[in-house]
Amino acid sequence: MDTPILEMRGANVFYGASQILFGVNLAVQRGQTMALLGRNGAGKSTTFKAIAGIAPPRGGQVLLSGHPVSGQAPYLVARAGIGYVPEDRQVFPEHTVDDNLIVAAKRGPRGDRHWTTERIYEVFPILAGMRNRMAGRLSGGEQQMLTIARTLMGNPDILLLDEPSEGLAPIVVRAIGDLIRQLRDMGVTILIAEQNMHFCLGIATHATVIDKGQVVYSATIDELRGNDAIMQRYLAV
Amino acid sequence: MNLEVLAGCLASGACVVTQISSGLIVGMLLFLVASGLSLIFGVLGIVNFAHGAFYMAGAYFALLAYEQTASFTAALAFGALAAGVIGVAFERFIMSRVYGHDVLMQLLVCYAAILIFDDLVKILFGADYKLMGMPDAFATAPIQIAGGFVPSYYIFMLVMALAAGLGLWLGINKTRIGKIIRALAINPQMVGALGINTKLLYAGVFGLGCVLAGLAGALAAPVRSLTPGMGLSVLIESFIVTVIGGMGSIPGALVAALLIGLTRSFGAIGFPLFVDGLMFGLMALVLVVRPSGLLGAKAS
Ligand SMILES: Nc1ncnc2c1ncn2[C@@H]1O[C@H](COP(=O)(O)OP(=O)(O)O)[C@@H](O)[C@H]1O
Ligand SMILES: [Mg+2]
């Protein structure tokens, strides 16, 4: 196998004195869409924060295309190619849609400028119609699309999406799902954290299941679909 | 109170012109200092209680450059830049260590810095009053407007301050770096996650605020006497300006600074013993009627 775009090796993460992640291993290959599945409180967001440099692991390593990034400041991790989209749709509410994108524009880790505002508006036609609207006035689904688009403007090697379906109406969730599938088919490498397994079944190519801060299962999405025991034990609500 | 004198002044075009022009330049200097204070507060969320020291640094370094080069342009540039460089160093090595600490801690650090800066000025430039004198280019007859006389330098100060204010406003609202700075003010963690070095940006914004204070000091040098400690009254007045105008609002700082400048110049005629009282009264009134300031964001 090739060197994974993103690899986490034996990451231990603490909040103060309490340990949240216990030796988490994770590997995402180029072009994969990996679902990080687990119940509320399992440690998905913490895993993302550890990768993004916001909650650096006290033990273990995070590697980007084989190069260690753990211990670096979040902005350096982002420049190295991590495109982290946090939960809660953190758009800049008093910036226009256009300005949200402009703020995030940067070259990718190898100097590439694949994503421009024009390209974003082709892929996200809904946003094109509201370029000059304040981001705070967008609906929840539109804001979610904008945060994904904004992170793409930084030309990352891998997109980290933390619960993109959270708190959205079913029809909007479907639209977000279509969008992520479209990005996947364009070749964007994606790691997506979700409690909503059904949302991921139609999107992801691979799945890793996390429970109480430990990885308990990792396989292709089809294998997971066939493994009722895992689904019942860790993912049923 | 001297209401007859005030009425007499208001009845005379010459007196009104003189008072308005002196009120405007007081207001413009305050505007520059206050807009820097407001910018720093708006983005970093801290009050730079040492801001007056950068006004002082601007004045003294302008004097130094003027004495060396006899060029007032060089004096302005050097005064503003020196204040900015000292500001960046102050932010990096001192202020950044007390972010997130108690305001009292920040106040204490800034107060210590003020004392140190004042003493440094005494060591480097001497403890007695210094005068720069009017640069040759402005040593011309005052301009006559409606019977009143306005020094040409006043017009220059007005234009410079307005240009700096407009430049700041355009920079913040229209340029990419300005948009990033406004985003930084709202959600620094997200800005960092987008690959932007927020620490560097904080230092830059702090330095820019100090450049504005330094420019004000340099512009004031030909018309004020320079003393160690000259920053304190400017700090207090520009603090009043930011409270009246609304913390973080640049247009608010302009309106409030002009209000304070005119209150001072006309107040000095009508209420010569109560000028400071008028200013604080105005601030108290605004705090009661609009606690967030004239143009400040509501409910902060
Ligand atoms: N800032 C924090 N301080 C202390 N504990 C936290 C903090 N954030 C999350 N936790 C705890 O860490 C665990 C994992 O949380 P999280 O990673 O957010 O889970 P998930 O995203 O899978 O729902 C939970 O038990 C949560 O209570
Ligand atoms: Mg979460």
Side-chain angles (χ1 to χ4, degrees), chain A residues 45 48-49 51-55 64 69 72-109 115 117 134-136 143 146-157 159-162, chain B residues 38-39 41-45 88 91-93 96-97 99-100 168-206 208 246-252 292-293 295-300:
Chain A
S45 296
F48 275 19
K49 285 177 186 157
I51 296 169
I54 293 164
L64 252 184
V69 293
Q72 295 187 17
Y75 82 94
L76 289 174
V77 176
R79 286 185 192 175
I82 294 283
Y84 169 50
V85 182
E87 53 195 340
D88 307 332
R89 304 186 271 283
Q90 299 179 31
V91 295
F92 302 125
E94 287 164 40
H95 286 58
T96 62
V97 167
D98 229 19
D99 285 350
N100 266 271
L101 297 178
I102 288 168
V103 162
K106 69 170 172 64
R107 289 180 187 281
W115 290 98
T117 44
M134 289 296 156
Q143 290 191 4
L146 178 57
T147 55
I148 296 172
R150 184 178 60 183
T151 296
L152 285 172
M153 284 295 289
N155 292 289
D157 280 346
L159 199 55
L160 268 55
L161 304 177
D162 197 354
Chain B
S38 202
L39 175 72
F41 177 79
V43 178
L44 286 78
V88 168
E91 193 278 342
R92 269 300 78 209
F93 296 116
S96 58
R97 291 169 202 275
Y99 289 163
L168 179 65
W169 188 86
L170 286 175
I172 292 282
N173 287 290
K174 302 293 173 195
T175 67
R176 173 159 186 265
I177 184 85
K179 289 166 186 177
I180 293 175
I181 287 171
R182 280 190 293 128
L184 182 70
I186 290 173
N187 191 341
Q189 183 166 312
M190 192 64 237
V191 170
L194 294 173
I196 292 155
N197 185 347
T198 52
K199 280 187 186 171
L200 190 67
L201 211 49
Y202 279 140
V205 169
F206 196 96
L208 180 59
M247 269 288 185
S249 164
I250 304 297
S292 56
L295 297 178
K298 293 206 190 79
S300 55

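Residue numbers begin at 1 in each chain, while the letters A, B, ... track the order of the sequences.
Only the side chain of I54(A) comes within contact range of chain B, with heavy atoms under 4.5 Å apart. With a 4.5 Å cut-off on non-hydrogen atoms, I186(B) touches chain A through its side chain but not through its backbone. Using a 4.5 Å cut-off between heavy atoms, P156(A) does not touch chain B at all.
I180(B) CD1 to F92(A) CZ: the interatomic distance, rounded to the nearest 0.5 Å, is 9.0 Å.
In terms of the side chain to side chain contact (heavy atoms under 4.5 Å, CB included) criterion, residue partners of V69(A) (sequence neighbours excluded) are, by chain and number, V62(A), L64(A), V77(A), A80(A). With sequence neighbours left out, A185(B) forms a side chain to side chain contact (heavy atoms under 4.5 Å, CB included) with V43(B).
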Between chain A and chain B, which donor-acceptor atom pairs come closer than 3.5 Å, counting both backbone and side-chain atoms?
{"from": "R176(B)", "atom 1": "NE", "to": "I102(A)", "atom 2": "O", "distance (Å)": "2.7"}
{"from": "R176(B)", "atom 1": "NH2", "to": "V103(A)", "atom 2": "O", "distance (Å)": "3.2"}
{"from": "R176(B)", "atom 1": "NH2", "to": "A105(A)", "atom 2": "O", "distance (Å)": "2.6"}
{"from": "K179(B)", "atom 1": "O", "to": "H95(A)", "atom 2": "NE2", "distance (Å)": "2.8"}
{"from": "K179(B)", "atom 1": "NZ", "to": "D99(A)", "atom 2": "OD1", "distance (Å)": "2.9"}
{"from": "N187(B)", "atom 1": "ND2", "to": "Q90(A)", "atom 2": "OE1", "distance (Å)": "2.9"}
{"from": "G195(B)", "atom 1": "O", "to": "R79(A)", "atom 2": "NE", "distance (Å)": "2.8"}
{"from": "G195(B)", "atom 1": "O", "to": "R79(A)", "atom 2": "NH2", "distance (Å)": "3.3"}
{"from": "N197(B)", "atom 1": "ND2", "to": "Y75(A)", "atom 2": "OH", "distance (Å)": "3.0"}

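When all heavy atoms of A193(B) and A78(A) are compared, the pair lying nearest together is O-CB, 3.3 Å. Scanning both residues, V103(A) and I196(B), for their nearest heavy atoms gives O-CD1, 3.6 Å.
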